[in-house]
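Step one of this worksheet: look at the structure below.
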There are 2 protein chains.
Amino acid sequence: MGESTLIYCKLNKIKQNKEFIMYAISMAMLLLLLRFLEYKFLILQNEFGLYIGIIALFFTFLGIWASNKLTSPKVKTIVIEKEIVVEKRLDFVVNEEELNNRKISKRELEVLELMAQGLSNQEIASRLFVSLNTIKTHSSNLFQKLEVKRRTQAIETAKKIGIIE
Amino acid sequence: MGESTLIYCKLNKIKQNKEFIMYAISMAMLLLLLRFLEYKFLILQNEFGLYIGIIALFFTFLGIWASNKLTSPKVKTIVIEKEIVVEKRLDFVVNEEELNNRKISKRELEVLELMAQGLSNQEIASRLFVSLNTIKTHSSNLFQKLEVKRRTQAIETAKKIGIIE
DNA sequence: AATGCAGTCATACTTTTGAGTGATTTATTG
DNA sequence: CAATAAATCACTCAAAAGTATGACTGCATT
């Protein structure tokens, strides 16, 4: 009786109850088959039936234990690829080299940025608290430095060479 | 001797040699222990030794089989996060919805694109083999549909709502 | 002290852009 | 067939953009 509780505990520990119940039933049937064979071929005496059963049980669980403990576990690996879209515009940095090469001043860059936002010269002038003529001068100088003729081209070029976002 | 080669073949088939060699050794020792017990307690006769061994082997492999076949495999889910840097310009698709909602025609869109490239109205007219006045009409209509006042604003808005690159 | 540069502003002038209006032609669609 | 939308063009007028030139200031470098 002490043995059966120990077996029960082991079964609990393994935690695959359903399969082991099925297995226990098949095992019990095999034992019955053996008992039947005892009488058929007169190989065993009655008093040794229990002993054979214990041997069978012991080696069965030894096999289970060996398989569970010494065998590397079956692992089914499912690889899920999760796509993460990275926005490119987040890490915008001003191309300092172009600014230096073309000698574009801070003020000119300011004007260029407001231009790209679609402001008129008058609006830029008001925003920066200077006269309309000053903005015209700045933009004229800008066009020369960017080698363009119009503000739309200036915006296009400036974005391409990376001096505005 | 036929038995041991059979066992060896089965062990080979299972392909977990090292653990099963250890197991085989421990099993052999247990059989020796049982043989020792045979003489100690006089439970078994010599002629049944082979029978006991077969029973032990059979139930051992039954246990191994049961453990391997009836055990559900452990599912290991590996989530691989795959970073995809999206070039904003590469996968550009025209926002058809905005075009339809604002009722911007094909020709107007053409003019808008050339505008964004920095062309003047006269240059656009020459490019499309139409008169300057036609381009003016197109751009005027565009500005109304985009709810802007200037071409620079038109470009800005058009890019934002995704109707041009 | 002299030089150079960025930033400012002005004046005069030309070109481009844009608003407003109206008209014609050509498909397409109900 | 009539209605509609798209595309075309013209004309006028006003506003904005852009060119060219010169000048003044403050600041830093030489």
Side-chain angles (χ1 to χ4, degrees), chain A residues 94-161 163-164, chain B residues 94-161 163-164:
Chain A
V94 182
N95 188 341
E96 299 284 352
E97 210 185 317
E98 284 284 359
L99 283 182
N100 292 333
N101 286 345
R102 292 170 191 269
K103 289 172 186 168
I104 293 166
S105 70
K106 281 165 285 178
R107 203 57 159 172
E108 284 164 352
L109 186 62
E110 263 185 289
V111 172
L112 183 57
E113 280 163 353
L114 295 175
M115 231 177 227
Q117 285 169 29
L119 302 203
S120 68
N121 285 341
Q122 185 55 68
E123 285 168 339
I124 295 168
S126 303
R127 186 77 70 88
L128 299 181
F129 304 107
V130 293
S131 81
L132 172 63
N133 287 317
T134 303
I135 300 304
K136 283 190 174 186
T137 305
H138 284 320
S139 58
S140 255
N141 292 334
L142 258 173
F143 298 158
Q144 281 181 15
K145 290 172 183 179
L146 291 172
E147 295 165 281
V148 296
K149 287 191 186 302
R150 282 173 288 279
R151 48 175 55 226
T152 46
Q153 282 185 339
I155 294 162
E156 171 84 355
T157 303
K159 286 188 178 181
K160 198 160 64 187
I161 66 175
I163 61 174
I164 59 169
Chain B
V94 182
N95 190 341
E96 298 284 352
E97 209 185 319
E98 284 284 358
L99 283 181
N100 292 334
N101 286 346
R102 293 172 190 267
K103 289 171 185 168
I104 293 166
S105 71
K106 279 165 287 177
R107 204 57 162 170
E108 284 165 351
L109 186 61
E110 263 185 289
V111 171
L112 183 57
E113 280 162 353
L114 295 175
M115 228 178 229
Q117 286 168 30
L119 302 203
S120 68
N121 284 342
Q122 185 53 68
E123 285 168 340
I124 295 168
S126 302
R127 185 79 70 92
L128 299 180
F129 304 105
V130 293
S131 81
L132 173 62
N133 286 319
T134 304
I135 299 306
K136 282 188 176 187
T137 306
H138 283 319
S139 60
S140 253
N141 292 334
L142 260 172
F143 297 158
Q144 281 181 14
K145 290 172 182 179
L146 291 172
E147 295 165 282
V148 296
K149 288 193 188 298
R150 281 174 286 280
R151 48 175 52 222
T152 48
Q153 282 184 340
I155 295 163
E156 171 87 353
T157 303
K159 287 187 178 182
K160 197 160 67 188
I161 66 176
I163 61 175
I164 59 168

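Computed from a prediction, not measured in an experiment: that's the story for all the values here. All values below were derived from every heavy atom in this structure, side-chain atoms included, with hydrogens, water molecules and symmetry-related copies excluded. So that the names make sense, note that chain A is the first sequence line, chain B the second, and so on, each numbered from 1.
- Note: CG (A:L119) to C1' (D:dA15) measures 17 Å, nearest angstrom.
- Taking atom CD1 of B:I135 as the reference point, atom C1' of D:dA10 lies 14 Å away to the nearest angstrom.
- Atom CZ of A:R151 and atom C1' of D:dA15 are 13 Å apart (whole Å).
- As a whole-Å value, the separation of B:L132 CG from D:dC11 C1' is 12 Å.
- Screening B:L132, B:V111, B:L114 for a side-chain contact (heavy atoms from CB on, under 4.5 Å) with B:N121, the sole residue that qualifies is B:L132.
- Under the 4.5 Å side-chain criterion, counting only non-hydrogen atoms from C-beta, B:R150 is in contact with A:E123.
- Taking atom NZ of residue A:K136 and atom P of nucleotide C:dT15, one finds them 14 Å apart after rounding to whole Å.
- One can place CD1 of B:I124 at 13 Å from C1' of C:dG18, the figure rounded to the nearest angstrom.
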Using atom names, set out every protein N or O paired with an N or O of nucleotides 3-8 of chain D below 3.5 Å, distance rounded to 0.1 Å.
from, atom 1, to, atom 2, distance (Å)
D:dA7, OP1, B:R107, N, 3.3
D:dA7, OP2, B:S105, OG, 2.2
D:dT8, OP1, B:R107, NE, 2.9
D:dT8, OP1, B:R107, NH2, 2.7
D:dT8, OP2, B:R107, NE, 2.9
D:dT8, OP2, B:H138, NE2, 2.9

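- Between A:T157 and A:E147, every side-chain heavy-atom pair lies at or beyond the 4.5 Å cut-off.
- Contact annotation: the side chain of B:T152 never approaches that of B:E156 to less than 4.5 Å [non-hydrogen atoms, C-beta and beyond].
- Neither OP1 nor OP2 of D:dA17 sits under 4.0 Å from any side-chain N or O of A:R150.
- Side-chain contact between A:S140 and A:Q144 is absent, with no heavy-atom pair separated by less than 4.5 Å.
- The distance between atom CD of B:Q153 and atom P of D:dA16, rounded to the nearest whole Å, is 12 Å.
- Using a 4.5 Å heavy-atom cutoff, the side chains of A:H138 and A:L142 are not in contact.
- At C:dT16, none of the side-chain N or O atoms of B:N121 fall inside 4.0 Å of OP1 or OP2 (strictly under the cut-off).
- Considering only side-chain atoms of B:N133, the nucleotide from D:dG18, C:dG18, D:dC9 that sits closest is D:dC9.
- Atom CD of A:E147 and atom P of D:dT19 are 14 Å apart (whole Å).
- Within 4.0 Å of B:S120, counting heavy atoms only, lie sugar-phosphate atoms of the nucleic acid but no base atom.
- In terms of position along DNA chain D, the nucleotide closest to B:T152 lies nearer the 5' end than the nucleotide closest to the other residue of the pair A:Q144 and B:T152.
- The closest side-chain heavy-atom distance from B:R102 to B:I163 is not below 4.5 Å.
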